[in-house]
Amino acid sequence: MSQASALKAPTAQTAPPPAREQALRPEVNEAHVRFIGLGKTYPGQEQPALQGIELNIRRGEIFGIIGRSGAGKSSLLRTINRLEQPSQGRVLIDQVDIAPFDEDRLVALRRRIGMIFQHFNLMSAKTVWQNVELPLKVAGVAKAERQRKVRELLELVGLQEKHHVYPAQLSGGQKQRVGIARALVHDPEILLCDEATSALDPETTASILELLREINQRLNLTVVLITHEMAVIRDICHRVVVLERGEVVEQGEVWRVFGSPRHEVTRTLLAPLQAKLPKALQANLRASPAGRDSAVVLKLTVLGEPALSDLFSDLGGRVRLLQGGVETIGEHALGQLILSVQGSPHDPHQLLERARRWAEDVEVLGHVV
């Protein structure tokens with residue numbers, strides 16, 4: 001059986017969902033990877049590492065998995081290539097349940113799923129060329145084909161001039177580029193990234209993310225990455241899921257989750273990216289108005305670039321912009337504005353309603369004199 005057929009050919013037990021379900025749930029057709037009621041409990045542990053995971057990863061997207069330490073990110077990622085065997089539920093790739101795969105079908109599956117790691121996992125005694133070539137030699141690929149493939153991949157990751165050097169002579173970013181080239185040798189359809197930028201400095205991280213974005217677009221790969229760096233998710237991912245204690249607590253398009261996080265865990269994870277109030281203002285904030293001269297301080301999360309004069313006029317009174325900015329996430333402009341509103345003719349409820357006309361999310365931070 002060929003690699004492609006080993007992965008894609010449905011059996012009688014794992015046939016694609018009926019046409020009615022596909023019609024009612026178009027995400028089934030779009031899904032490259034599906035988790036259905038997925039659970040994982042490790043021997044000797046009472047708390048499941050994963051429980052009740054229901055998730056669809058679309059073909060060709062860059063999908064992020066975030067969560068605090070121990071949330072289950074690595075366990076979930078490793079069920080995709082069955083390095084982890086679920087305790088409950090199913091993992092479907094191209095609508096095929098991979099649970100019953102025997103060793104031969106698993107080998108074929110794993111050649112269709114590349115993986116890159118935080119610490120590169122390169123062989124120190126082999127050159128850059130030899131590290132990339134090794135999986136092809138193990139698979140029995142002919143020498144001429146190996147040479148063609150390695151040459152193409154080293155050019156893709158920008159290391160064609162480093163083919164003869166050893167890992168010890170490379171920077172961290174160059175080592176990760178070797179790891180990426182090695183992960184692509186079997187022309188995978190899915191690329192798994194396990195904290196792929198965590199050991200890199202910010203400038204190198206940016207270059208690796210740009211490379212991953214280029215690979216995603218050029219090769220139409222589905223990229224699934226886990227990270228604790230929220231800036232990585234913001235800069236590269238299309239959609240994101242947030243895990244806590246092995247459960248999905250929030251998911252959606254990155255711009256929407258970042259712009260209006262609903263779960264406390266998400267807000268905590270995103271806190272380092274949020275604008276901080278000036279210390280002098282923080283010190284003067286009060287939970288309730290301190291008198292007639294008090295101003296309410298609002299935090300607005302807005303889509304696009306709002307006309308501030310119209311916004312200020314709608315809120316009424318004396319409105320001051322204390323802090324703000326607009327950034328682009330994906331194709332969406334997302335802004336955060338911190339305003340003080342003093343002497344508005346509208347009561348507190350009306351004021352919030354007017355603010356919500358302009359914002360995806362409105363938060364009362366407190367009151368100041």
Side-chain angles (χ1 to χ4, degrees), residues 1-9 32-33 74 77-85 93-94 96 98 101-197 199-200 204 207-208 211-212 214-216 218-225:
M1 180 179 294
S2 69
Q3 292 177 5
S5 60
L7 176 59
K8 295 182 178 179
H32 199 171
V33 182
S74 292
L77 187 80
R78 290 162 65 90
T79 63
I80 297 174
N81 56 6
R82 233 186 77 181
L83 290 178
E84 293 289 355
Q85 178 69 44
I93 298 179
D94 286 323
V96 178
I98 66 174
F101 279 18
D102 59 20
E103 193 61 34
D104 288 341
R105 297 185 78 191
L106 271 181
V107 169
L109 171 70
R110 288 168 181 163
R111 287 178 180 166
R112 310 306 296 170
I113 301 175
M115 192 166 188
I116 58 178
F117 304 89
Q118 177 181 0
H119 296 297
F120 322 128
N121 289 3
L122 303 181
M123 300 187 71
S124 60
K126 292 186 178 294
T127 65
V128 166
W129 182 286
Q130 291 168 338
N131 267 281
V132 177
E133 183 185 32
L134 183 60
L136 295 171
K137 292 185 73 172
V138 171
V141 176
K143 183 177 180 179
E145 176 63 15
R146 295 201 310 264
Q147 291 179 333
R148 182 193 67 80
K149 193 68 182 178
V150 175
R151 191 178 299 110
E152 288 180 355
L153 289 172
L154 290 182
E155 183 176 352
L156 175 66
V157 302
L159 289 180
Q160 58 269 42
E161 303 300 324
K162 299 286 185 179
H163 67 90
H164 60 289
V165 306
Y166 291 86
Q169 301 169 273
L170 301 175
S171 67
Q174 289 170 335
K175 291 176 183 177
Q176 193 56 283
R177 287 172 181 268
V178 179
I180 292 171
R182 183 184 54 192
L184 298 176
V185 293
H186 292 301
D187 299 318
E189 300 169 359
I190 300 169
L191 182 63
L192 307 181
C193 305
D194 188 354
E195 297 280 6
T197 61
L200 306 176
T204 306
S207 71
I208 293 297
L211 175 60
L212 290 174
E214 179 185 349
I215 289 169
N216 165 255
R218 183 186 295 190
L219 305 181
N220 195 33
L221 285 183
T222 301
V223 180
V224 186
L225 64 87

Next item on the list: For R82 and R110, indicate whether the former's side chain and the latter's backbone hold a donor-acceptor pair under 3.5 Å.
Entry: no
Check: Is the closest side-chain heavy-atom distance between L212 and N216 below 4.5 Å?
Finding: no
Checklist line | Check: R177 side chain, V157 main-chain N or O, donor-acceptor pair, under 3.5 Å | finding: yes
Checklist line | Shortest non-hydrogen contact between E133 and R146, atoms and distance | finding: OE2-NE, 2.9 Å
Check: Less than 4.0 Å between a side-chain N and a carboxylate O, is that true for D194 and R78?
Finding: no
Check: Would you say I93 and I113 make side-chain contact, with heavy atoms under 4.5 Å?
Finding: yes
Check: Could you state the interatomic distance from CG (N121) to NZ (K175), rounded to the nearest 0.5 Å?
Finding: 12.0 Å
Notebook entry, point to check: Between the main-chain N or O of L200 and the side-chain N or O of T197, is there a donor-acceptor pair closer than 3.5 Å?
Noted result: no
Check: Is the shortest heavy-atom distance from the side chain of Q176 to the side chain of L211 under 4.5 Å?
Finding: no
Check: If you round to the nearest 0.5 Å, how far is CG of N81 from CG of L83?
Finding: 3.5 Å
Notebook entry, point to check: Counting only N and O atoms by type, is there a donor-acceptor contact under 3.5 Å from the side chain of E145 to the main-chain atoms of A142?
Noted result: no
Notebook entry, point to check: CG of L153 to CH2 of W129: how many Å apart, nearest 0.5 Å?
Noted result: 10.0 Å
Next item on the list: Could you pull out the closest heavy-atom pair between V223 and C193, with the gap in Å?
Entry: CG1-SG, 3.9 Å
Item checked: Test item: H119 and E195 side chains (from C-beta on) under 4.5 Å apart, heavy atoms -> no
Note to self: Would you say that T127 contacts H164 through its side chain, given a criterion of any heavy-atom pair below 4.5 Å between the two side chains?
What the structure shows: no
Note to self: How close do L191 and A183 get, counting heavy atoms only, and between which atoms?
What the structure shows: CD1-CB, 3.8 Å
Checklist line | Minimum heavy-atom distance L136-V150, with the two atoms named | finding: CD1-CG2, 4.2 Å
Notebook entry, point to check: Under the 3.5 angstrom rule, does the side chain of D94 hit a backbone N or O of V96 as a donor-acceptor pair?
Noted result: no
Next item on the list: May I ask you to say whether R218 pairs ionically with E214, meaning some side-chain N is under 4.0 Å from a carboxylate O?
Entry: yes
Next item on the list: For the residue pair V178 and P167, establish whether any side-chain heavy-atom pair is separated by less than 4.5 Å.
Entry: no
Margin query: Tell me if the CD atom of Q85 is crowded by more than 12 foreign heavy atoms within 6.0 Å.
Written below: yes
Next item on the list: Flag the pair H163 / V132 as yes when at least one side-chain heavy-atom distance between them is below 4.5 Å, and no otherwise.
Entry: no
Next item on the list: Find the distance between CG (N220) and CD (E189) and round it off to the nearest 0.5 Å.
Entry: 10.0 Å
Next item on the list: Look up atom CZ in R112 and atom NE2 in H186, then write down how far apart they are to the nearest 0.5 Å.
Entry: 9.5 Å
Item checked: Side-chain (R182) to main-chain (I116) donor-acceptor, under 3.5 angstrom -> no
Note to self: Any heavy-atom pair between the side chains of K149 and V141 that's under 4.5 Å?
What the structure shows: no
Next item on the list: Can you measure from CZ (F120) to CD1 (I180) and round to the nearest 0.5 angstrom?
Entry: 10.0 Å
Next item on the list: Salt-bridge test for R148 and E152: reply yes if a basic N is under 4.0 Å from a carboxylate O, no otherwise.
Entry: yes
Notebook entry, point to check: Which atom names give the shortest non-hydrogen contact between P135 and V185, and what distance separates them?
Noted result: CB-CG2, 3.7 Å
Checklist line | Heavy-atom closest pair, residues N131 and K126 | finding: ND2-O, 3.0 Å
